[in-house]
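Keep in mind it's a predicted model, so treat the numbers as computed, not measured. So that the names make sense, note that chain A is the first sequence line, chain B the second, and so on, each numbered from 1. Every heavy atom of this structure was used, including side-chain atoms; hydrogens, water molecules and symmetry mates were not.
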Amino acid sequence: MKIKHFLATSALTAGLALAASAQASEITVVSWGGAYTKSQVEAYHKPWVEKTGNKIVSEDYNGGIAEIKAQVEAGNVTWDIVDVELSDAIRACDEGLLETIDHSILPAGADGTPATEDFLEGTLHDCAVANIAWSSVYVFDKTKFDVGPTTIADLFDLEKFPGKRGFRKNPKVTLEFALMADGVPAADVYEVLATPEGIDRAFAKLDTIKDQVVWWEAGAQPPQLLADGEVAMTTAWNGRVFNAIAGEDKPFEIVWDGQIWDLDLWVLPKGSENKEAALDFLVFSTETEQLANQASYIPYGPARKSSNALVGKYYQKDIDMAPHMPTADANLKNAVQNDFEFWADNSDQLNERFNAWLAN
Amino acid sequence: MQDSSTTTPETLVTADGVPLKQKLIQSTRRARLRALLLTLPLVIFIIVSFMIPIGQMLFRSLHNDTASSVVPNFAIAIQDWDEQGLPPEETIKLFVLDLQEARKKREIGKTVGNLATRINYEIPGSRSLFTSSARKLARVTEGPYTEALLDINKKWDDPVLWRSLKRATNDITPYFYLSALDLKYDDEGNIIEADELYQIYVSNFVKTVRLSATITLICLVLAFPVSYLLSTLPLKTSNLLMILVLLPFWTSLLVRTTAWIAILQTEGIINDILVFIGLVGEDGRVQMIYNQTGTIIAMVHILLPFMILPLFSVMKTIPPSYMRAASSMGAKTFTAFRRVYFPLTLPGIAAGTLLVFILAIGYYITPALVGGEDGLLISNLIAYHIQKSLNWSLGAALGTLLLAIVLILYWLYNKIVGIEKLSFG
Amino acid sequence: MTKLQTGYIIFAVLTALVLLLTGSISVTIGFVFLFGTPLFFMKPLPAYSTHLNYFNKYIFLLACTFIFVFLITPILIIMPLSFNAEPYFTFTEGMLSFDPAAYSFRWYQDIFFNGMIDPAATGAAWWSDMWNNAQWVRSTRNSFFIAICSTLLATGLGTLAALGLSRAEMPYRAAITSLLISPMIVPLVITATGMFFFYSDVGLAKTYLGVILAHTTLGIPFVIITVTATLSGFDRSLIRAAENLGADGWTTFRKVIMPLILPGMISGALFAFITSFDEVVAVLFIADVEQRTIPRQMFSGIREQISPTILAVATVMVILSIILLGVLELLRRRTERLRGLTPA
């Protein structure tokens with residue numbers, strides 16, 4: 001009797017699951033870890049799992065396309081969907097490592113705008129669909145200064161604002177900051193950086209603070225460095241800093257002047273066995289509601305215009321999220337969008353120069 | 001069985017009538033075969049899991065067929081080009097058709113993006129030229145192709161670009177070794193030194209060797225008195241003290257590196273003590289980690305047991321009476337040490353220094369974690385190219401050069417000290 | 001007054017001076033420990049020794065004390081720090097004044113909680129969640145699985161080869177030995193790079209099998225060295241005796257050779273095990289997140305966020321290796337007793 005009942009229930013469940021998607025499957029979703037992955041788990045993973053009955057294994061990584069390349073070339077793809085930076089998405093797509101994505105499967109926004117118009121300009125690519133815009137900013141420890149820094153130039157001003165600086169050990173973003181601090185208008189940064197003189201100028205600016213710099217590599221490090229008192233100010237990803245401020249009550253403050261914003265996109269490594277389910281997850285997670293939801297866990301700007309109107313408060317406290325987005329008007333006064341093409345062209349060369357510069 | 005048949009008269013035969021000599025040869029051969037067969041599984045295993053990977057790495061550092069597989073027809077045609085001006089229309093037509101084909105097929109490892117990446121190593125900035133041109137070329141269906149290409153982007157008018165393309169179509173290329181030695185091709189295709197601001201590898205090789213030598217020397221200086229003490233103490237005491245050497249030896253490398261971070265960081269224990277006893281102020285905390293100092297301290301700690309153990313096992317065999325004899329014949333303590341004791345410890349020193357040096361030169365983990373910007377060694381750059389920049393060929397070339405350095409040192413060592421003197425205790 | 005007693009008096013005067021000058025008890029204790037230990041171990045030297053001889057001997061012992069302290073401090077320091085109630089790597093005020101509130105087991109709990117979906121659950125659900133999802137638990141399982149598999153492979157293949165190598169008839173012995181030892185000589189980063197390329201090509205990268213094969217390769221030299229060392233002292237007439245008595249090859253191996261070379265096999269296997277258990281470079285290159293081992297987990301932990309959880313794991317590992325060392329020492333003494341040798 002019991003067994004019969006059990007069999008019937010399982011058959012029913014299985015049937016339902018079958019109906020929900022082709023079959024109940026398990027996909028591996030790879031992202032950047034920490035507060036960011038947490039926001040995705042809450043806003044994307046949980047509702048999707050509930051809706052489809054599929055399972056999600058969530059993995060963390062540190063960016064780059066090495067893993068994807070190794071998996072795809074070996075024909076052993078275990079990552080089904082990966083959250084990558086724009087320049088990496090473009091390069092991986094160019095090298096044929098990713099599935100192409102037909103944009104017509106993306107549903108219209110909640111307000112009825114077709115997807116191709118609803119998504120912000122530059123967020124849809126052949127192999128990638130953006131979910132958020134994030135930003136590299138700099139933060140300082142309020143307890144260290146009576147009057148805090150306000151401009152990007154202050155980040156490089158050791159006389160007015162003494163103390164160690166934290167920078168990402170990567171020429172990307174660092175060189176842009178240096179040029180802007182040296183007086184290059186945000187709009188001209190990449191034009192200047194494309195010339196040998198511009199590169200020299202950026203490195204010369206970095207030379208002025210080199211012996212005061214602590215270099216970080218993973219996104220979780222800058223808040224840690226600030227909290228430990230290792231640095232007085234540091235470049236960081238805005239979401240992580242916000243979570244340290246709002247979630248852990250740290251005395252940090254973000255300076256938006258000279259921010260460099262970029263996109264994070266979903267990509268599907270070529271040859272995954274769970275392509276259908278992964279694609280379904282991609283479509284689901286980039287719907288208006290889910291994108292808006294994610295923004296209540298971490299202040300990263302949704303890629304859909306229709307989501308922006310729905311962005312609410314921080315999930316733990318009574319804080320409006322909209323003013324903390326990199327895409328908020330007040331924060332965009334002096335801002336640059338990361339130029340993926342420039343970095344695709346020059347990252348080999350500039351990394352070499354940067355490493356050589358570091359070593360000397 | 002070695003004393004086989006030399007003294008045996010020819011006429012002797014075994015019970016079944018075969019001459020003894022022949023029988024013995026047979027059985028020796030069988031014994032040799034049996035011995036060989038016993039080692040065979042492992043030999044095959046090592047060849048497959050170790051020698052082939054290393055060999056393949058050597059191959060990869062010289063061989064890069066990206067260009068010839070992305071634009072196969074062009075690769076053949078371009079060989080006839082005299083490198084003056086632009087290649088002929090016919091060749092450029094093949095180039096365009098090949099690119100269109102590659103873009104359509106999107107085969108892994110044979111895409112326009114792969115070719116773009118390859119050329120971008122030599123001519124920074126050409127990556128987007130290739131990918132965007134290929135996108136626009138999709139619409140071009142008829143000639144003249146040269147004009148179409150130049151219409152899309154004027155940069156195609158540059159013979160330097162085509163020369164670099166022609167070079168890249170050779171599957172066997174010294175290019176990655178040139179990069180690894182801070183050399184490059186100039187616009188005319190001659191080999192010249194890379195711009196000083198971009199030179200990184202040669203100086204890093206030098207730094208790696210220098211740092212490894214420093215670490216080896218420090219290890220030797222520290223290990224010598226300790227090993228001497230251990231070898232002269234009664235067994236019970238020395239066994240107890242030996243635990244102080246073996247415990248770090250057995251403790252995970254990561255654990256020890258973590259411990260050094262806790263000790264050396266600016267808010268760490270040493271700085272706390274220095275502040276506490278007033279040697280430095282709260283603001284004057286010393287930076288001891290995330291630089292070369294930290295790398296050296298942590299690596300010496302990790303490698304010290306590898307020096308102590310062989311030294312100890314050699315010193316253990318030196319009878320104390322030798323030193324006493326030297327003293328009784330009038331040698332001062334130092335002379336006795338220099339002329340009698342020290343030479344006897346040479347095999348241990350040799351083994352220890354070789355071991356520590358080879359381990360140090362290929363070290364990756366500790367510099368990666370506590371090296372900061374000036375403590376990075378060549379192995380970190382290799383890992384960087386394998387895992388981050390994805391310039392696998394350059395990573396392989398650097399790896400091959402490092403392997404060559406190790407083998408040369410090994411060979412020198414064998415010449416000077418003799419490998420048979422090695423004793424790992 | 002003997003020369004040694006002069007030393008004691010000088011030391012007492014110096015200690016008093018330190019106490020007066022710094023006025024700190026803890027500094028004085030540190031001074032007494034560092035500079036007193038060598039004095040404590042000083043024995044009277046031969047009668048003809050001068051003051052200088054005594055002084056030199058003291059300096060020598062002092063240097064040794066410093067080196068031993070250097071060797072062992074990092075291992076000891078992490079233990080108290082792992083009980084830190086704060087998420088920092090430093091001794092807090094509370095810890096130094098032995099305030100119980102400054103100590104906690106939270107990082108030990110975190111070993112289990114980190115990665116768990118619902119650490120608050122109870123009963124079987126908690127256990128299955130912990131077993132399947134806790135990151136450190138998963139890495140521990142991976143570490144043991146990979147280490148045990150590669151140890152078995154390395155010991156099996158290595159012993160077989162060592163048996164062949166130690167035969168008098170072995171041809172090309174030197175060449176084959178150096179081939180088999182070569183994984184130990186080639187820098188790890190090169191081996192890992194080569195394996196990464198090759199294993200990617202044949203589809204072994206990102207698989208358990210790939211990691212196991214890599215670790216087997218790295219462990220083999222140790223097995224070869226230890227087993228051939230045991231075999232070199234092996235009385236070959238025992239084999240002939242066994243064969244004379246009618247034993248076939250397998251029986252001879254099982255009943256005669258095996259028991260005698262077992263210590264060599266065990267220590268070789270132990271080395272192979274530790275090599276795999278502690279290895280992270282090859283894992284970094286060829287393993288996926290799925291095959292994460294303990295050292296790999298620690299590596300990303302140190303890079304990304306230095307949490308005292310790493311120290312807690314480290315402490316557990318140090319204690320395990322102390323136990324292992326103790327067991328080994330006991331085993332060694334037992335063998336020596338069996339052989340009729342007693343430690344002097």
When the 4.5 angstrom heavy-atom criterion is applied to C/I185 and chain B, the contacting part is both
With chain C, the option among B/R29, B/R32, B/Q387, B/R256 that has the most non-hydrogen atom pairs under 4.5 Å is B/R32
Whatever's closer than 4.5 Å to a heavy atom in chain B on C/I294 counts as neither
Okay, C/F60 and chain B: the region with an atom under 4.5 Å from a heavy atom over there is side chain
Rounded to the nearest 0.5 angstrom, the CZ-SG distance for B/F224 and C/C64 is 11.5 Å
Under 4.5 Å to a heavy atom of chain B? For C/L163 that would be both
Note: vs chain C, highest number of non-hydrogen pairs under 4.5 angstrom among B/I382, B/I269, B/I358 is B/I269
Next on the checklist: So B/L222 and C/F66, do their side chains get closer than 4.5 Å, heavy atoms only?
Outcome noted: no
Scored by heavy-atom pairs under 4.5 Å with chain B, the best of C/I220, C/L153, C/L165 is C/I220
Q | Whether over 12 other heavy atoms sit under 6.0 Å from C/K57 NZ | A | no
Does the side chain of B/V300 come within less than 4.5 Å of C/F70's, by heavy atoms? yes
query: Any side-chain heavy-atom pair from B/L229 and C/L61 closer than 4.5 angstrom?
result: yes
Cut-off 4.5 Å, heavy atoms of chain C, and the answer for B/L241 is both
Bottom line for C/I190: the part with an atom under 4.5 Å from chain B's heavy atoms is both
In terms of heavy-atom pairs under 4.5 Å with chain B, the winner among C/L180, C/T193, C/V281 is C/L180
Max heavy-atom pairs within cutoff under 4.5 Å with chain B, candidates C/L76, C/L320, C/L157, C/T73, goes to C/L157
In short, B/T258 meets C/M298 closest at the heavy-atom pair OG1-CE, 4.3 Å
Bottom line for B/L246: the part with an atom under 4.5 Å from chain C's heavy atoms is both
Cut-off 4.5 Å, heavy atoms of chain B, and the answer for C/L179 is both
Step through the shown structure and confirm whether more than 12 heavy atoms of other residues, nucleotides or ligands are within 6.0 Å of CZ on C/R173. yes
Bottom line for C/M317: the part with an atom under 4.5 Å from chain B's heavy atoms is side chain
Applying a strict 4.5 Å limit to non-hydrogen atoms, the region of B/L36 in contact with chain C is both
So, the part of C/L204 with a heavy atom under 4.5 Å from chain B: the answer is neither
CG of B/L254 to CZ of C/F299, rounded to nearest 0.5 Å, is 7.5 Å
If one checks every heavy atom of C/L81 against chain B at 4.5 Å, the contacting part turns out to be side chain
Looking only at C/I224, C/D201, C/L188, the option with the highest number of non-hydrogen pairs under 4.5 Å against chain B is C/D201
Taken to the nearest 0.5 Å, the spacing of B/L244 CG from C/F68 CZ works out to 6.0 Å
Cut-off 4.5 Å, heavy atoms of chain C, and the answer for B/I263 is side chain
Ranked by heavy-atom pairs below 4.5 Å to chain B, first place among C/P295, C/P183, C/P187, C/A314 goes to C/P183
Closest non-hydrogen atoms of B/V245 and C/L71, given as atom of the first, atom of the second and distance, are CG2-CD1, 4.1 Å
The interface call for C/I78 against chain B, heavy-atom contacts under 4.5 Å, is side chain
Bottom line for B/I308: the part with an atom under 4.5 Å from chain C's heavy atoms is side chain
From the list B/V48, B/L407, B/L40, B/L247, the residue making the most non-hydrogen contacts under 4.5 Å with chain C is B/L247
Cut-off 4.5 Å, heavy atoms of chain C, and the answer for B/L359 is neither
Contacts of C/F196 meeting ring pair (Phe, Tyr, Trp, His ring centres under 6.0 Å) (sequence neighbours excluded), chain-then-number -> B/W392
When the 4.5 angstrom heavy-atom criterion is applied to B/L42 and chain C, the contacting part is both
Cut-off 4.5 Å, heavy atoms of chain B, and the answer for C/I176 is side chain
Counting heavy-atom pairs under 4.5 angstrom with chain C, the leader among B/I386, B/I378, B/L398 is B/I386
Cut-off 4.5 Å, heavy atoms of chain C, and the answer for B/A223 is neither
Q) Does the side chain to side chain contact (heavy atoms under 4.5 Å, CB included) test come out yes or no for B/F45 and C/L213, once each step is laid out? A) CA-CA 9 Å; B/F45 181 88; C/L213 290 183; 3.6 Å; yes
So, do C/Y199 and B/S49 sit near enough that their side-chain heavy atoms are less than 4.5 Å apart? yes
Residues passing the ring pair (Phe, Tyr, Trp, His ring centres under 6.0 Å) test with C/F271, sequence neighbours excluded, are B/W250, C/F222
Scored by heavy-atom pairs under 4.5 Å with chain B, the best of C/I274, C/I72, C/L160 is C/L160
Okay, B/L402 and chain C: the region with an atom under 4.5 Å from a heavy atom over there is both
Would the distance check show the side chain of C/E169 and the main-chain N or O of B/R34 forming a donor-acceptor pair, the cut-off being under 3.5 Å?
no
Item to check | Over 12 non-hydrogen atoms of neighbours within 6.0 angstrom of CE in B/M323 | outcome: yes
Bottom line for B/F249: the part with an atom under 4.5 Å from chain C's heavy atoms is side chain
Would you say C/L284 and B/I365 make side-chain contact, with heavy atoms under 4.5 Å? yes
One option among B/A259, B/G362, B/A35 has the most heavy-atom pairs under 4.5 Å with chain C, and it is B/A35
Exercise. Just wondering, do B/T39 and C/M170 contact through their side chains at under 4.5 Å, heavy atoms?
Worked result: yes
Cut-off 4.5 Å, heavy atoms of chain B, and the answer for C/N56 is neither
Under 4.5 Å to a heavy atom of chain C? For B/V406 that would be side chain
Distance col, row C/L218:CG vs B/F50:CZ, nearest 0.5 angstrom, shows 8.0 Å
Here the pair of heavy atoms bringing C/F197 nearest to B/Q56 is C-OE1, 3.7 Å
Criterion side chain to side chain contact (heavy atoms under 4.5 Å, CB included) on C/R167 and B/L38, from CA distance to verdict | CA-CA 10 Å; C/R167 292 200 171 203; B/L38 279 171; 3.8 Å; yes
Cut-off 4.5 Å, heavy atoms of chain C, and the answer for B/R60 is side chain
Okay, B/L403 and chain C: the region with an atom under 4.5 Å from a heavy atom over there is both
Nearest heavy-atom approach of C/S182 to B/M51 is OG-SD, 4.4 Å
